[in-house]
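Fair warning: this is a prediction, and the values are worked out from it, not measured in the lab. Per chain, numbering begins at 1; letters A, B, ... match sequence-line order.
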There are 2 protein chains.
Amino acid sequence: MPDAADPAPMNTPSRRRFRREGEERRRQDLIEATLDSVAEHGLQGASLRAIALRAGVTAGLIRHYFPGKEELLQEAYAALMGRMTEQAKAALVMEDASPRQRLAAFVTANLNVPIIDTRVFSLWATFIGRASADPTLAHVHREGYLGFRNEVEAVVAEVLAAERRSPDASQLRHHAIAINAIIDGLWIEGCLAGEMFSPGELATIGIRTIEAELGLAPLAQLQEK
Amino acid sequence: MPDAADPAPMNTPSRRRFRREGEERRRQDLIEATLDSVAEHGLQGASLRAIALRAGVTAGLIRHYFPGKEELLQEAYAALMGRMTEQAKAALVMEDASPRQRLAAFVTANLNVPIIDTRVFSLWATFIGRASADPTLAHVHREGYLGFRNEVEAVVAEVLAAERRSPDASQLRHHAIAINAIIDGLWIEGCLAGEMFSPGELATIGIRTIEAELGLAPLAQLQEK
DNA sequence: ACGCTATTTATACACTTGCACAACAAGCTC
DNA sequence: GAGCTTGTTGTGCAAGTGTATAAATAGCGT
């Protein structure tokens, strides 16, 4: 049986065809391929060859864009964190909404797809497990965490102000820490055991718990039409 | 310069000295060495040779106690989870304590050393990052999580019963989910940024938030003498 | 004191890994 | 279209990986 896949068997240097992509495009593709590899097989499975295969290039090219594997992983983590916090904050920009509605929307957004997602959780856990040993990863995390918490603190301040309450800085900080913990904890439960919860259940629990934490009368039913 | 480190250079088969340990002892040592390796350098750094070096044996021995690396890692994770839930539950066995005191003690125990610990967190995150891809790890986690949540639910039921309140199963479940999330979330914050909180602060926040969630009057100050 | 056996070491092997470097060609500039 | 830059490929290498297996010895039963 002749080999139909190679019609010209003689003198085949047959180097692989390729296209030159813009630098930014290539870097993003490589970072995305890195995140996919890490999510599927962990840091162990994220070899340069596996990443390159996924990105549709050969392994050597990676060294042309990144000094080494470590830097690629760090940039990938930074990109992941950036996307996560960006999505979370996007839920806060609502015109013509009361602070309380914005807080509820924020919680709901954080406790549903696409933020509740096993792939993202897998990535988050894998990277953060190395944060205590890798100062660069630790720094990236710290930035994202503080940004998130400050965002929470700002909304909480608005909500309480709308209720004619004026908490001091310490109380505000405690509220933000607690609310952050509630969202994080429910997010983890949802990512790890999503099928144990009915749709929207986690968001409902989150809103109720946060309202209790802030001492707000639970008027959740009134908002439903 | 003569080699002072080898006083008998001729005929030195010089096989390494060793002691035979009991099976259980060796297995535990290997598991501990595995956890240490994973905590320090992640799953990538946990090579059989690194683990064996830490355990004071040679790499080949591992295959005498475990079918392969994967099984060793699974048993290590199971051992870790077992230890964590055991420590957590230990805080619940208190004689002559009101349900509410037991709940507070449970929260306090979970939000202080040794449960708040960067090494344990690093291990937890590393393993759980692989749980969505490895059914065995996922099962180990699920067991531990449900055990923990049921424990929480039981204490909550006692606390509410002592308050002459009789929640239905759904309310109880929601309380348990929320409280579990609060503890998990604060645990993560403490592990990742312990120096941002004063001693006992997380436990205080946790207790206050949980009491608000359960609708209990905050009599925390009264318990302080 | 002497085997016996199971624990332990040591070595070998096939394979993967990250990185270095030379060869090549895609596509812009003139 | 010729020439040049540089993005991209392919190959090579030393180090490290998990696993297999043979050789050695520690420590028990007798």
Side-chain angles (χ1 to χ4, degrees), chain A residues 6 8 11-34 36-38 40-76 126 130 134 136, chain B residues 6 8 11-34 37-38 40-77 126 130 134 136:
Chain A
D6 190 0
N11 77 354
T12 54
S14 91
R15 211 179 162 86
R16 172 178 174 163
R17 290 278 187 67
F18 63 92
R19 280 205 330 153
R20 304 184 124 173
E21 298 282 357
E23 161 158 357
E24 213 44 48
R25 172 69 189 276
R26 271 277 188 261
R27 290 179 67 89
Q28 280 201 333
D29 282 353
L30 286 172
I31 285 178
E32 204 56 43
T34 303
D36 282 340
S37 294
V38 173
E40 267 195 39
H41 304 107
L43 285 174
Q44 331 189 61
S47 69
L48 292 183
R49 285 166 176 83
I51 293 170
L53 184 67
R54 228 180 249 269
V57 297
T58 52
L61 185 60
I62 296 181
R63 282 268 311 183
H64 196 258
Y65 288 100
F66 300 91
K69 190 188 180 184
E70 195 174 320
E71 287 81 5
L72 170 59
L73 288 172
Q74 287 164 355
E75 287 207 32
T126 301
R130 303 304 318 131
D134 183 332
T136 307
Chain B
D6 189 1
N11 75 356
T12 54
S14 89
R15 210 180 163 87
R16 170 177 173 164
R17 289 278 188 70
F18 63 90
R19 279 203 332 150
R20 305 183 121 170
E21 299 283 357
E23 161 159 356
E24 213 45 46
R25 171 69 189 277
R26 270 278 188 263
R27 290 179 67 90
Q28 282 202 333
D29 281 354
L30 286 172
I31 286 178
E32 203 57 42
T34 302
S37 294
V38 174
E40 267 195 39
H41 304 106
L43 284 174
Q44 330 189 62
S47 71
L48 292 182
R49 285 166 178 84
I51 294 170
L53 185 67
R54 228 180 247 270
V57 297
T58 53
L61 185 61
I62 295 181
R63 284 267 312 185
H64 197 260
Y65 288 102
F66 300 91
K69 190 189 180 183
E70 195 174 321
E71 288 80 4
L72 170 59
L73 287 171
Q74 286 164 354
E75 288 207 32
Y77 180 50
T126 302
R130 302 305 318 132
D134 184 332
T136 307

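Residue A:Thr58 places its side chain closer to D:dG10 than to any other of D:dT6, D:dG10, C:dA10. For A:Glu21, taking side-chain heavy atoms from C-beta onward, the closest of the listed nucleotides D:dT19, C:dT7, D:dT8 is D:dT8. With distances taken from any side-chain atom of B:Ser47 to the nucleotides D:dT17, C:dT7, D:dT6, the minimum falls on D:dT17. Picking from D:dG18, D:dT6, D:dT8 the nucleotide with the shortest atom distance to the side chain of A:Tyr65 gives D:dT8. Across C:dT7, C:dA23, C:dG27, the shortest atom-to-atom separation from the side chain of A:Arg15 is found for C:dA23. With C:dT9, C:dT7, C:dG18 as the choices, the nucleotide that has an atom nearest any side-chain atom of B:Val57 turns out to be C:dT9.
Residue B:Ile51 comes nearest to B:Ala33 through the heavy atom pair O-CB, 3.5 Å, listed as atom of the first residue, atom of the second, then distance. Scanning all heavy atoms of the two residues, the minimum distance from B:Asp29 to B:Ala55 falls at O-CB, 4.2 Å.
Taking atom CZ of residue B:Arg63 and atom C1' of nucleotide D:dT19, one finds them 6 Å apart after rounding to whole Å. Here C:dT7 presents its P atom at 12 Å from CZ of B:Arg27, a figure rounded to the nearest Å. Here C:dT7 presents its C1' atom at 4 Å from CZ of B:Arg20, a figure rounded to the nearest Å. Across the protein-nucleic acid pair, A:Glu70 atom CD and C:dC19 atom C1' stand 14 Å apart, rounded to whole Å. The interatomic distance linking A:Phe18 (CZ) with D:dT9 (C1') rounds to 7 Å, in whole Å. What separates CZ of B:Phe66 from P of C:dT8 is a distance of 12 Å, to the nearest Å. Taking atom CG of residue A:Leu53 and atom P of nucleotide D:dG10, one finds them 12 Å apart after rounding to whole Å. The interatomic distance linking B:His64 (NE2) with C:dT9 (P) rounds to 11 Å, in whole Å.
An end-to-end axis angle of 10° holds for the helix from C:dA1-D:dT30 to C:dC30-D:dG1, taken from five base pairs per end and rounded to 10°.
Nucleic acid contact class of A:Leu48 (heavy atoms, under 4.0 Å, all strands): sugar-phosphate only.
Remark: the A:Arg16 side chain and the D:dT9 base include no donor-acceptor N/O pair separated by less than 3.5 Å. For D:dG16, its base never sits under 3.5 Å from the side chain of B:Arg49 at any donor and acceptor pair.
In this structure, the side chain of A:Gln28 does not engage the main chain of A:Arg25 through any donor-acceptor pair within 3.5 Å.
For D:dT8, the OP1/OP2 oxygens have a side-chain nitrogen or oxygen of A:Arg26 closer than 4.0 Å.
Put simply, the side chain of B:Arg16 reaches to within 4.5 Å of the side chain of B:Thr58, judged on heavy atoms. Counting heavy atoms from C-beta on, the side chains of B:Ile31 and B:Tyr65 never come closer than 4.5 Å.
Within the model, atoms CD of B:Glu40 and CZ of A:Arg130 stand 9.0 Å from one another, a figure rounded to the nearest 0.5 Å. Atom NE2 of A:His41 is separated from atom CG of A:Asp36 by 11.0 Å, given to the nearest 0.5 angstrom.
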Requested in this report: Using the side chain to side chain contact (heavy atoms under 4.5 Å, CB included) rule, take B:Arg27 and B:Glu75 through it: C-alpha gap first, then chi angles, then the decisive distance, then the call.
Outcome: CA-CA 10 Å; B:Arg27 290 179 67 90; B:Glu75 288 207 32; 2.9 Å; yes
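Nearest-nucleotide mapping onto DNA chain D: of B:Arg19 and B:Glu71, the residue sitting toward the 5' end is B:Glu71. Comparing A:Gly60 and A:Gln44 against DNA chain C, the residue whose closest nucleotide sits nearer the 5' end is A:Gln44.
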